[in-house]
K.L.:
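Dropping a structure here in C-alpha cells format, bear with me for questions.
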Amino acid sequence: MNKISVSLGDRSYDIAIGAGVLVPEIERVLRQLPEKKIVTITDEGVPEAYARQIKNVAEKCGIEYHLIRIKNGENSKSFKVLETIVNQILDIKISRQTTLIALGGGVVGDLTGFAASILLRGVPFIQIPTTLLAMVDSSVGGKTGINTPCGKNLVGSFYQPKAVIIDTEILRSLPEREWLAGYAEIVKYAVIDDAEFFDYLENYRKESGSYPSRDEDFIQTIIRKSCQSKAAIVSRDERESGVREWLNLGHTFGHALEALVGYSGELLHGEAVAIGMILALGYSSELGLCQASDAEILENHFMNVGMDVSLRKLQERVPDKQFSPERLLDAMRHDKKVSDGKIKLILSHGIGKTVVMQADDKGLLVFWQKKLSNNNR
Ligand code: GLY
C-alpha cells in the first residue's frame, strides 16, 4: 500500500492507495472516529458489495451505520438532491462528530463533501472513490459542490476530507468508457508540468499495444503519480489562488462543451477534459505559445488509447444541440474562471509547460468558428 500526504496543517490527511485496501483502511479509520455513527452516501451505479463491506466493518467496530443511495449521474449534483440528503441526514439526528462517507464517483464525492461542509456548519467526511476519475482528481483536494442551470460547480466550498481510501480492485468492474474518461485526468497531470510522465504514458501505450490496460502495477503507478502531483499542488495552493489553477487545463473549453451537450451521459466529464485540453493546446498554438504539433501529439495519444475526442463526432451524437461559436463562448464566460470580465485560460508552451493567460473574446470566437467549421476529425 502507498500513502500520500496532503499537507494542510491541521487539515492534513492521507491518501491510501492499494489493491484490497478498502476493508483494512476503513477499519483503521473507523476505529479512530470521535463518534460511533457514520452515514454512507453512494449511488445506484456503485456495486452494493462495497457499502456492505463498510457496514460489516462498522458492525464489527460497534458503529451505528446508515446508508443513503442517490440516483447516479451528474443531475444528482443539484440543490434538490442536496436538500433531500441533508434532510435525510438530519433525520438521523447527527452531531458535529458524525462522519459522512462518500462512496462513489465525482458526483457522490462532490455532493457529499458539500453536504458535510454545511451540515451543522461542518461534519467530518471520508472519500472512497470508485471511479478512476474520482481517484485521481475529485476525491483529493477538497473541492466540493453542485451544479446550477448556469453551469458546473458554481455553488460549493473548499472542504477537505479526513481521509481518502483508493482501492484499485474496485476499478476491475469499471466500464471501459469510464476508465478512459478517468485516464484523461491522468494525462492532464503530465501535460501540466511533467513531460517525462507523458513520455512514460506514450511509451507504455506503444509497448502494451492495447488500452485500457488493467495491469495492476501500471494502474497503481499512474494513480500514485497523479495523486502525488495533486497533493503537491493542493498543499501549495488549497484555495486556487495560484498554481492550483493549472489543474483546470482543458476545463474551460471542456465545461463549455458539457454545458452545451447537457449532462445526459453523451459526454463524460473526462472526455470533455480530453477534448478541452486538445483545444487549449490548439488555441495556444494559434497564439504562438506552442507548436501545432503539440496539440496533435496529444490528440493522437488520446485516439490511440481508444478515446473518442472528435468534435465532429460529438456534434453528430447530439444532432439536436446547436454548436455555435457564440453559444460556446457564452458558456465559457459562465465558467468560474472569469475575472474582471475576462476569461482566464490555462494554456501551454508545450507538453509539460503550462501558462495562465487572459483570453480575448474575439480571438476565442474566431478559434471556435475555425474548429467547428474545419473539423474533419
Ligand atoms: N479538479 C481541479 C481541482 O481540484 O483543483
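Sequence positions, counted from 1, serve as the residue numbers for this chain.
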K.L.:
Test N248 against E240 for side chain to side chain donor-acceptor pair (under 3.5 Å), laying out the working first.
P.N.:
CA-CA 10 Å; N248 298 324; E240 200 172 292; 3.1 Å; yes
K.L.:
Taking the side chain as C-beta and beyond, is there a heavy-atom pair between I146 and F79 under 4.5 Å?
P.N.:
yes
K.L.:
Could you tell me whether the side chain of S284 and the main chain of A280 form a donor-acceptor pair under 3.5 Å?
P.N.:
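It does hold such a pair.
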K.L.:
State whether E25 and K3 are salt-bridged, where the test is any N-O pair (Lys NZ or Arg NE/NH1/NH2 against Asp/Glu carboxylate O) under 4.0 Å.
P.N.:
yes
K.L.:
Quick one: do K321 and E266 make a salt bridge, cutoff under 4.0 Å?
P.N.:
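Salt bridge between K321 and E266, a charged N being under 4.0 Å from a carboxylate O: no.
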K.L.:
Please confirm whether the backbone N or O of E296 pairs with a side-chain atom of S293, one donor and one acceptor, at under 3.5 Å?
P.N.:
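Between the backbone of E296 and the side chain of S293 there is no qualifying donor-acceptor contact (under 3.5 Å).
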K.L.:
Roughly how far apart are Q322 CD and L372 CG, rounded to 0.5 Å?
P.N.:
10.0 Å
K.L.:
Verify, without hydrogens or angle tests, whether N304 (side chain) and N300 (backbone) share a donor-acceptor contact under 3.5 angstrom.
P.N.:
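Answer holds: yes.
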K.L.:
Quick check on side-chain contact (heavy atoms from CB on, under 4.5 Å): which of V187, I278, V191 does H301 satisfy it with?
P.N.:
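So the option named by the test is V187.
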K.L.:
At their closest point, which heavy atom of I94 faces which heavy atom of L120, and how far apart are they?
P.N.:
O-CD1, 3.8 Å
K.L.:
Given K71 and V81, is the side chain to side chain contact (heavy atoms under 4.5 Å, CB included) satisfied, shown in steps?
P.N.:
CA-CA 9 Å; K71 285 210 171 86; V81 177; over 6 Å; no
K.L.:
Hydrophobic cluster membership, with links at side-chain heavy-atom distances under 4.5 Å among I/L/V/M/F/W/Y: are V39 and I126 in one?
P.N.:
no
K.L.:
Is K313 salt-bridged to E316, cutoff N-O under 4.0 Å?
P.N.:
no
K.L.:
Sub-3.5 Å donor-acceptor pair from the side chain of S348 to the main-chain atoms of K353, do we have one?
P.N.:
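Present.
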K.L.:
What about Y159 and F114, are their ring centers closer than 6.0 Å?
P.N.:
no
K.L.:
Strictly below 4.0 Å, N to O, side chains only: are R333 and D361 in salt-bridge contact?
P.N.:
yes
K.L.:
Same cluster or not: are M307 and L268 linked, directly or through other Ile, Leu, Val, Met, Phe, Trp or Tyr residues, by side-chain heavy atoms under 4.5 angstrom apart?
P.N.:
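No; L268 is not reachable from M307 via cluster members.
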K.L.:
Is V123 reachable from I26 through a run of hydrophobic residues whose side-chain heavy atoms are each under 4.5 Å from the next?
P.N.:
no
K.L.:
I need the E299 CD to L311 CG distance, nearest 0.5 Å.
P.N.:
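With rounding to 0.5 Å, CD (E299) is 9.0 Å from CG (L311).
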K.L.:
Give a yes/no verdict on a cation-pi contact between K230 and Y189, requiring under 6.0 Å between NZ or CZ and the six-membered ring centre and an angle within 45° of the axis.
P.N.:
no
K.L.:
Would you say M277 and L279 are hydrophobically clustered, going by side-chain heavy atoms of ILVMFWY under 4.5 Å?
P.N.:
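M277 clusters together with L279.
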K.L.:
Can you find a heavy atom in the side chain of F197 that is under 4.5 Å from one in the side chain of I351?
P.N.:
no
K.L.:
Within the distance-only criterion (no hydrogens, no angle test), does the side chain of S95 pair as donor or acceptor with the backbone N or O of Q97 below 3.5 angstrom?
P.N.:
yes
K.L.:
Give a yes or no on whether a salt bridge exists between R177 and D308, defined as a side-chain N under 4.0 angstrom from a carboxylate O.
P.N.:
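Between D308 and R177 there is no salt bridge, as every charged N stays at least 4.0 Å from the carboxylate O atoms.
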K.L.:
With side chain to side chain contact (heavy atoms under 4.5 Å, CB included) as the test, would you mind laying out the steps for C61 and E27 before giving the verdict?
P.N.:
CA-CA 8 Å; C61 301; E27 177 163 354; 4.2 Å; yes
K.L.:
Charged N to carboxylate O under 4.0 angstrom, R96 versus E35?
P.N.:
no
K.L.:
Do you know which two heavy atoms are closest between S117 and S157, and how far apart they sit?
P.N.:
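Distance-wise, the nearest heavy atoms are OG-OG, 2.9 Å.
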K.L.:
Spell out, as yes or no, whether a donor-acceptor pair under 3.5 Å connects the side chain of D14 to the backbone of A16.
P.N.:
no
K.L.:
In plain terms, say whether E44 and R69 are close enough for a salt bridge, that is, a side-chain N and a carboxylate O under 4.0 Å apart.
P.N.:
no
K.L.:
What heavy-atom pair brings T221 and D217 nearest, and what distance separates the two atoms?
P.N.:
OG1-O, 2.7 Å
K.L.:
Decide if the gap between the ring center of W368 and the ring center of F253 is smaller than 6.0 angstrom.
P.N.:
yes
K.L.:
Heavy atoms, side chains only, cut-off 4.5 Å: are T130 and L103 in contact?
P.N.:
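With C-beta onward as the side chain, the pair touches.
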K.L.:
Counting N and O atoms only, with roles assigned by atom type, does the side chain of T354 sit under 3.5 Å from a partner on the main chain of I192, one being a donor and the other an acceptor?
P.N.:
yes
K.L.:
Hey, what do you get for OH (Y183) to CD (E271), rounding to the nearest 0.5 Å?
P.N.:
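Going from the OH atom of Y183 to the CD atom of E271 covers 15.0 Å.
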K.L.:
Considering non-hydrogen atoms only, spot the tightest contact between P161 and Q127 and give its length.
P.N.:
CB-CG, 3.9 Å
K.L.:
Kindly assign one of parallel, tilted or perpendicular to the pair Y204 and Y200, based on the angle between their ring planes and the thresholds 30° and 60°.
P.N.:
tilted
K.L.:
Taking all non-hydrogen atoms of both residues into account, name the closest pair between A184 and A274 and its distance.
P.N.:
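Here A184 and A274 meet closest at CB-CB, 3.9 Å.
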K.L.:
Any side-chain heavy-atom pair from H251 and V273 closer than 4.5 angstrom?
P.N.:
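They are in side-chain contact.
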K.L.:
Less than 4.5 Å apart, any side-chain heavy atom of V107 and any of N72?
P.N.:
no
K.L.:
State, to 0.1 Å, how close C150 and H334 come at their nearest heavy-atom pair, and which atoms those are.
P.N.:
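In terms of heavy atoms, the two residues are closest at O-CB, 3.5 Å.
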K.L.:
Considering only NZ, NE, NH1 and NH2 on the basic side and carboxylate oxygens on the acidic side, decide whether K342 and D360 come within less than 4.0 Å.
P.N.:
no
K.L.:
So I128 and I54, do their side chains get closer than 4.5 Å, heavy atoms only?
P.N.:
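Answer yes - side chains close enough.
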K.L.:
With rounding to the nearest 0.5 Å, note down the distance linking CZ in F323 to CG in L257.
P.N.:
6.5 Å
K.L.:
Would you find more than 12 non-hydrogen atoms of other residues, nucleotides or ligands less than 6.0 Å from R28 atom CZ?
P.N.:
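It does: R28 CZ has more than 12 such atoms within range.
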K.L.:
Between E216 and T168, does the side chain to side chain donor-acceptor pair (under 3.5 Å) criterion hold? Intermediate values first, please.
P.N.:
CA-CA 8 Å; E216 189 60 37; T168 50; 2.6 Å; yes
K.L.:
Is it the case that atom CD in Q358 sees more than 12 heavy atoms from other parts of the structure closer than 6.0 Å?
P.N.:
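Yes.
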K.L.:
Is it possible for you to say whether I92 and L67 belong to one hydrophobic cluster, with membership spreading through side-chain heavy-atom contacts below 4.5 Å?
P.N.:
no
K.L.:
Checking E286 side chain against F367 main chain: does a donor-acceptor pair fall under 3.5 Å?
P.N.:
no
K.L.:
Does some side-chain heavy atom of I41 sit less than 4.5 Å from a side-chain heavy atom of I89?
P.N.:
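With C-beta onward as the side chain, the pair touches.
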K.L.:
Step by step, would you call L133 with E178 a side chain to side chain contact (heavy atoms under 4.5 Å, CB included)?
P.N.:
CA-CA 8 Å; L133 189 137; E178 279 199 47; over 6 Å; no
K.L.:
Does the pair E74/K77 count as a salt bridge with the N-to-O cut at 4.0 Å?
P.N.:
yes
K.L.:
Quick one: pull up CD1 in I275 and CG in L298 and give me the separation to the nearest 0.5 Å.
P.N.:
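I275 CD1 to L298 CG: 11.5 Å, rounded to 0.5 Å.
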K.L.:
Measure the shortest side-chain to side-chain distance between V136 and I222 over non-hydrogen atoms and say whether it is less than 4.5 angstrom.
P.N.:
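No. Closest side-chain heavy atoms not under 4.5 Å.
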K.L.:
Look at E238 together with R244 and state whether they make a salt bridge at an N to O cut-off of under 4.0 Å.
P.N.:
no
K.L.:
Looking at K344, I want to see if its NZ is surrounded by more than 12 non-hydrogen atoms of other residues, nucleotides or ligands under 6.0 Å.
P.N.:
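Counting other residues, nucleotides and ligands, NZ of K344 stays at 12 neighbours or fewer.
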K.L.:
Would you say the side-chain atoms of D294 pair up with the backbone N or O of C290, donor to acceptor, closer than 3.5 Å?
P.N.:
no
K.L.:
To the closest 0.5 Å, what do you measure between CD (E64) and CD (E59)?
P.N.:
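With rounding to 0.5 Å, CD (E64) is 11.5 Å from CD (E59).
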K.L.:
Is T252 reaching over with its side chain to a backbone N or O of M332, donor-acceptor style, under 3.5 angstrom?
P.N.:
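Judged by distance alone, no pair lies under 3.5 Å.
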K.L.:
Are there over 12 heavy-atom neighbours, none belonging to K36, within less than 6.0 Å of that residue's NZ?
P.N.:
yes
K.L.:
Please confirm whether Y263 and H269 have ring centers closer than 6.0 angstrom.
P.N.:
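Not close enough - the centres of the two rings lie 6.0 Å or further apart.
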